[in-house]
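Shown below is the structure under consideration.
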Amino acid sequence: MTQMNNILKQRDQVKEMQTWKELIQNGKFSTRKFYYNFLEQHQTVPWRKLFYDNAARPRALFTLWLACHDRLATKARLRKFGILTNEDSNFCENVETLQHLFFDCRVTKNIWRNVLKWMNMDHNPQGWAQELKWLIENSKNKSWKAKILKVVVAETSYEIGKHRNDRIFVDRIKEMDID
């Protein structure tokens, strides 16, 4: 009930806002104007174009979206929340962070190199921030190569995460079945 009272208190303030007055013309609310006004008030992220016109599977796009927001459930992140005690990577002996999982680990760095080689792109993967800048720059235009790059990045990110999860969970289940 307290939240409802707070909302009702804000109603009078909203009615006085110039933006609100512009949205209502002749006593009618314009959903279109509200939507565009709402969009203008929110900051856009530089990597948004990686998702526009991307033909990757929704699960791959979601994994990439989590990575872009630095919300991917890496072992270091899960340890921070008290869910795990071990934050070692399943591919090597380093701490599994987003940066390490995708670009610092020798196994995954090799995957990226092979994918880029397959695409005939001469690029050596660096770190997450650098790669995000590089991807944004190289997927700006509407060429077929840019479109393929967007799909490949989303799908490769997903498959690396899936492979990591399989090594953690499927191998653990197989070990449990043996006992």
Side-chain angles (χ1 to χ4, degrees), residues 39-178:
L39 282 180
E40 289 174 9
Q41 293 175 2
H42 288 81
Q43 184 180 5
T44 56
V45 291
W47 42 261
R48 71 188 182 281
K49 298 226 176 180
L50 288 176
F51 294 89
Y52 294 154
D53 198 25
N54 192 329
R57 296 174 293 172
R59 66 181 75 180
L61 290 171
F62 182 66
T63 300
L64 182 60
W65 183 85
L66 287 172
C68 288
H69 278 288
D70 198 18
R71 297 292 187 255
L72 202 62
T74 60
K75 285 187 171 183
R77 185 167 164 76
L78 294 173
R79 184 168 188 255
K80 186 171 111 176
F81 292 116
I83 297 171
L84 291 178
T85 56
N86 178 10
E87 57 185 19
D88 293 342
S89 171
N90 281 64
F91 302 122
C92 60
E93 298 299 319
N94 294 316
V95 174
E96 184 187 273
T97 61
L98 178 69
Q99 170 73 29
H100 178 76
L101 178 63
F102 284 127
F103 297 109
D104 284 348
C105 180
R106 61 179 170 70
V107 174
T108 56
K109 194 172 212 169
N110 194 37
I111 291 170
W112 285 111
R113 282 186 186 132
N114 288 331
V115 167
L116 291 169
K117 184 179 174 184
W118 172 76
M119 290 187 64
N120 291 325
M121 296 189 100
D122 186 28
H123 176 70
N124 186 28
Q126 302 298 310
W128 178 250
Q130 296 93 333
E131 288 311 303
L132 212 46
K133 281 182 183 178
W134 183 83
L135 289 168
I136 291 164
E137 192 60 38
N138 285 280
S139 63
K140 275 184 182 177
N141 60 38
K142 295 183 180 187
S143 70
W144 62 269
K145 198 168 189 175
K147 288 182 180 187
I148 291 174
L149 179 63
K150 290 194 281 190
V151 172
V152 165
V153 166
E155 292 293 342
T156 303
S157 300
Y158 172 75
E159 290 300 327
I160 287 172
K162 184 178 180 308
H163 181 65
R164 169 207 169 252
N165 288 343
D166 288 347
R167 288 190 65 161
I168 294 170
F169 300 111
V170 175
D171 289 349
R172 192 170 293 157
I173 290 170
K174 286 178 183 176
E175 288 172 11
M176 290 170 59
D177 287 343
I178 293 170

(Q) Checking D70 against W128 for the side-chain contact (heavy atoms from CB on, under 4.5 Å) test, could you report, in this order, the C-alpha distance in whole Å, the side-chain angles of both residues, the deciding distance, and whether it holds? (A) CA-CA 10 Å; D70 198 18; W128 178 250; over 6 Å; no
Q) Has the side chain of N110 got a donor or acceptor atom that lies under 3.5 Å from a matching backbone atom of R106? A)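 Judged by distance alone, no pair lies under 3.5 Å.
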Q: Return yes if some donor-acceptor pair links the side-chain N/O of S89 with the main-chain N/O of N94 below 3.5 Å, else return no.
A: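 No, S89 side chain to N94 backbone: no donor-acceptor pair under 3.5 Å.
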(Q) What I'd like to find out is whether the side chain of W47 reaches to under 4.5 Å of the side chain of I136, using heavy atoms alone. (A)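 The answer is yes, as the side chains (C-beta and beyond) meet within the 4.5 Å cut-off.
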Q.
Taking R59's backbone N and O only, do any of them form a donor-acceptor pair with T63's side chain (distance below 3.5 Å, no angle check)?
A.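 Yes.
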**Q.** Rounded distance (nearest 0.5 Å) linking atom NE2 of H163 with atom CG of L101
**A.**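 Answer for the NE2-CG pair, H163 versus L101, is 10.5 Å.
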Q) What orientation do F102 and W112 show, parallel under 30°, tilted 30 to 60°, or perpendicular over 60°? A)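 Taking W112 first and then F102, their aromatic rings stand perpendicular (interplane angle over 60°).
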Q: Taking only Lys NZ, Arg NE, NH1 and NH2, and the carboxylate oxygens of Asp or Glu, determine whether K109 and E131 approach each other closer than 4.0 Å.
A: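 No salt bridge links K109 with E131.
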Q. What's the verdict on side-chain contact (heavy atoms from CB on, under 4.5 Å) for L64 and F51, showing C-alpha distance, side-chain angles and the deciding distance?
A. CA-CA 9 Å; L64 182 60; F51 294 89; 3.9 Å; yes
Q. Run the ring pair (Phe, Tyr, Trp, His ring centres under 6.0 Å) check on H100 and F91 step by step: do they pass?
A. CA-CA 10 Å; H100 178 76; F91 302 122; 8.4 Å; no
Q.
I need the full list of side chain to side chain donor-acceptor pair (under 3.5 Å) pairs touching residues 141-154, with sequence neighbours left out, sorted by first then second residue.
A.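 Passing the test, one end in residues 141-154: D53-K147, N141-S143.
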Q. Is there a side-chain contact between L149 and M121, using heavy atoms and a 4.5 Å cut-off?
A.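 A side-chain contact exists here, since the closest heavy-atom pair is under 4.5 Å.
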Q. Just by modelled atom types, is the R57 backbone N or O under 3.5 Å from a matching donor or acceptor in the E155 side chain?
A.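 Yes; judged by distance alone, with no hydrogens or angles, the pair exists.
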Q: Evaluate side-chain contact (heavy atoms from CB on, under 4.5 Å) for I160 paired with I111, printing each intermediate quantity in order.
A: CA-CA 9 Å; I160 287 172; I111 291 170; 4.2 Å; yes
Q. Is the backbone of N90 close enough, under 3.5 Å, to the side chain of R167 for a donor and an acceptor to pair up by distance?
A.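 At least one qualifying donor-acceptor pair exists.
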Q: Determine yes or no for a side-chain-to-main-chain donor-acceptor pair under 3.5 angstrom, with K49 supplying the side chain and K140 the backbone.
A: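 Between the backbone of K140 and the side chain of K49 there is no qualifying donor-acceptor contact (under 3.5 Å).
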